[in-house]
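Accompanying notes for the structure given below.
Note: hydrogens, waters and symmetry copies are ignored here, and every other heavy atom, side chains too, is used. To find a chain, count down the sequence lines: A is the first, B the second, and so on, and within it residues start at 1.
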Protein chains: 2
Amino acid sequence: MRRPTLEAVAARAGVSRATASRVVNGQTTVAPQIRDAVLRAIDELGYVPNPAARSLVTQRTDSVALVVSEPPTRVFSEDPLFSTVIRSASVELETVNKQVVLMLASSASSHARVERYIAGGHVDGVMLISMHGADPLPAALSRLRVPVVSYGRPAVPVDIPYVDNDNVGGAELAVRHLVAAGRRRIATIAGPQDMIGGQDRLTGYRTVLRDSDRRSIVAVGDFTRESGAVAMRQLLGDDPDLDAVFVANDLMAVGALQSLRQAGRRVPDDVAVVGFDDIEAAQYTEPPLTTVRHPVVEQATAMVRLLLGLFEGGPADPVILPTELVVRESA
Amino acid sequence: MRRPTLEAVAARAGVSRATASRVVNGQTTVAPQIRDAVLRAIDELGYVPNPAARSLVTQRTDSVALVVSEPPTRVFSEDPLFSTVIRSASVELETVNKQVVLMLASSASSHARVERYIAGGHVDGVMLISMHGADPLPAALSRLRVPVVSYGRPAVPVDIPYVDNDNVGGAELAVRHLVAAGRRRIATIAGPQDMIGGQDRLTGYRTVLRDSDRRSIVAVGDFTRESGAVAMRQLLGDDPDLDAVFVANDLMAVGALQSLRQAGRRVPDDVAVVGFDDIEAAQYTEPPLTTVRHPVVEQATAMVRLLLGLFEGGPADPVILPTELVVRESA
DNA sequence: CCCTTTCGAGAGAGCGCTCTCTCAGCCGAC
DNA sequence: GTCGGCTGAGAGAGCGCTCTCTCGAAAGGG
């Protein structure tokens, strides 16, 4: 009781296997009545092409890997960003009938697995989400002669086209907003300095502060809520008179708000807070969080398009998307 | 400049293709020195087996589909549950060297796509996450003669083994806690009644209220934060004297807390609140949310094991995991 | 009316692998 | 010394599909 093959379809329709194949693949050089006969046979037999046989000869698989190269327990489940990227990329790939193979590359052993898998030709291309500077995967994959694109600029210089948002510009937007509101002592909770987002957002902060003749007050977190709370306490200890803080992502900003509340500071009256990312939760904090929005969905979509472009021999130029300040009540 | 084939490996090692294949697949009937010669050839050539050719003959693909059958915009990105399930399932499948193909089946057209894909034999089995009663996918997939398991009991009776938590028992735990605390007017914000979780949690609530001689006060939400806020306002309108509310999931509970705050009710002094799910955010609400925890990671892991068991001809019995009350400050 | 062009359909050679069948060689046993 | 059994290796048939090449027939031009 096997599945019907193209051979069976051809036999039933009274044509050759080649002709049946032509119909299945939508070639136009088939006479209408023959085409109909084949389609009828396909329908009656419930024929579905065998993808393994097909990709054996075409050398294509019509699926792409989405590699999330982060310790999954920490980032993946907590940060809604990942779900959004995965969802948007899936939706976009669906439109061109390609599948997403999801791979989590957390440990060194899974790195090896991913490499082997990609090298095996299971997929036509790779979308890589990796923010850590120390990550060896971008370099390893770029050596594999498989089309690779990255969500976010790779932290190490490597020849992979990427789609990113304007982290520096976004941070500048945020800090300029605080300056314009007359804040004098503007601190920042920076992200990890081995991540591009962490670096660039700190750069933006520094640039604006320098230009507006203010002193920088920096604490460093690791993009988790908890680290934001800790960093905020530290900042308050370092400079009890600070009147604003730019936090490099919303998750840490939520933690910072918590610490400010515990320290008896009113937001925004005593301390103004601006975050970065505009995650869902930013709307529901007390008070609602002013933050820098970057177009996650568009970025994911652009990444998919970039990869599809690569398949066709298109250009491999990075794409940078603009950011936007969303003013709520926290600043 | 093609990739090396098994033929090339065999030639270099001076053996037949069959012997090279034996080495690659770890068969023991190969003499040590020949085995070493083959391994050396593999290493020198950088040989990686072609998965399409292999699965053409073995009829296996070593990958499984994870089908998320929900309108993705609404549930997927907002509910951290999904990320956790996806992550846990991926990690578990990694241990047996199988890949996850992620498929979002939101619209009718994507349902068809998923069906075609599964029918095409792209994957060895399917893990289905579908909570909606009206969803035709579980029934469709169960007809396909492919091993299928479900995360959560399918809403329509269909012959698919599943892994679920004890929704009824969990709700009873929550409501009994409120009764024990001396609450008299215990309302509930139920989930959608076309979802199993929605139904069962309401059943649990009703059972305990009946047994403890209290009147039930019900509003229905759709598991989103927003709907929780709306339902809470409605409940306060219906019965301003209510002193407790059991909310069928944490996301709605967060919305409910917001409405309670806006209505000037203190939690838990005026109104006690118990949620369900124990999502990350439950720890960070004002006040921290008392809720029913169910083991999401374990459930996902059990689902994978169930599917792997099916591959080996194992039993197809549903698995029900216990729930646990996490007491924080809201009740 | 014949030859060339075009169009539609078939034949058949692979794609790279697994796996059964076959067989050579070597051992021990009678 | 011969024979049976067993181990290790090769030959070769497919898995189901695509795609080039070939060819017949119909159509059009000289």
Side-chain angles (χ1 to χ4, degrees), chain A residues 1-42 45-63 97 116-117 119-124, chain B residues 1-42 45-63 97 116-117 119-124:
Chain A
M1 185 51 206
R2 296 186 93 78
R3 286 172 39 197
T5 69
L6 194 56
E7 189 79 54
V9 171
R12 186 176 190 104
V15 300
S16 73
R17 201 173 60 247
T19 302
S21 174
R22 287 190 186 99
V23 173
V24 169
N25 293 296
Q27 289 188 23
T28 50
T29 64
V30 181
Q33 69 272 23
I34 294 203
R35 156 183 227 87
D36 287 349
V38 173
L39 288 176
R40 208 175 318 118
I42 286 173
L45 294 173
Y47 170 77
V48 185
N50 181 322
R54 176 177 277 172
S55 78
L56 181 57
V57 37
T58 59
Q59 310 275 27
R60 285 185 299 101
T61 62
D62 284 333
S63 58
N97 241 306
R116 224 179 314 123
Y117 188 79
H122 279 91
V123 292
D124 298 340
Chain B
M1 186 51 206
R2 298 183 92 77
R3 284 171 40 195
T5 71
L6 194 57
E7 189 79 54
V9 171
R12 186 177 191 102
V15 299
S16 73
R17 199 172 61 248
T19 301
S21 175
R22 287 187 187 100
V23 173
V24 169
N25 293 295
Q27 289 188 23
T28 50
T29 65
V30 181
Q33 69 274 25
I34 294 203
R35 157 184 227 87
D36 287 348
V38 173
L39 289 176
R40 207 175 319 119
I42 287 174
L45 294 173
Y47 170 76
V48 185
N50 181 322
R54 174 177 280 172
S55 79
L56 180 58
V57 36
T58 59
Q59 311 276 27
R60 285 183 299 100
T61 62
D62 285 333
S63 58
N97 241 304
R116 223 179 315 123
Y117 188 79
H122 278 91
V123 292
D124 298 339

Heavy atoms only: give me the nearest A:Gln27-A:Arg35 pair and the separation to one decimal.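 For A:Gln27 versus A:Arg35, the nearest heavy atoms are O-NH1, 3.5 Å.
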
How is B:Val30 classified with respect to the nucleic acid when contacts are heavy atoms under 4.0 Å: base, sugar-phosphate, or nothing?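 The answer is sugar-phosphate, as B:Val30 gets under 4.0 Å only of primed atoms, P, OP1 or OP2.
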
Mind checking B:Ala18 for me? I need base, sugar-phosphate or nothing, with any heavy atom below 4.0 Å counting as a touch. base

What about B:Arg22: does its side chain form a donor-acceptor pair under 3.5 Å with the base of D:dG10? yes

Checking only heavy atoms, does the side chain of A:Arg3 share a donor-acceptor pair with the base of D:dG16 at less than 3.5 Å?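 Checked by distance alone, the answer is no.
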
Phosphate contact ([N] OP1 or OP2) by [X] side-chain N/O below 4.0 Å:
{"X": "A:Thr5", "N": "D:dG16", "result": "no"}
{"X": "B:Thr19", "N": "D:dA9", "result": "no"}
{"X": "B:Asn50", "N": "C:dC15", "result": "no"}
{"X": "A:Ser21", "N": "D:dT18", "result": "yes"}

Quick one: NE2 on A:His122 to OG1 on B:Thr61, what's the gap to the nearest 0.5 Å?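 Answer for the NE2-OG1 pair, A:His122 versus B:Thr61, is 8.5 Å.
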
So, taking the atom named CZ in A:Arg54 and the one named CG in A:Leu6, what distance separates them when rounded to the nearest 0.5 Å?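 Going from the CZ atom of A:Arg54 to the CG atom of A:Leu6 covers 9.0 Å.
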
Nearest-nucleotide check on DNA chain D, B:Val15 vs A:Leu6; residue mapping nearer the 5' end is B:Val15

In terms of the nearest nucleotide of DNA chain D, which residue is placed more toward the 5' end: B:Gln33 or B:Arg17? B:Gln33

Examine distances only and state if a side-chain atom of B:Arg3 and a backbone atom of B:Gly46 form a donor-acceptor pair shorter than 3.5 Å.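 Not at all, since once roles are kept as given, no pair shorter than 3.5 Å links the two residues.
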
Can you measure B:Gln27 atom CD to D:dT7 atom P for me and round it to whole angstrom units? 14 Å

Can you figure out which of C:dG16, C:dA9, C:dC19 approaches the side chain of B:Leu56 most closely?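 The answer is C:dG16.
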
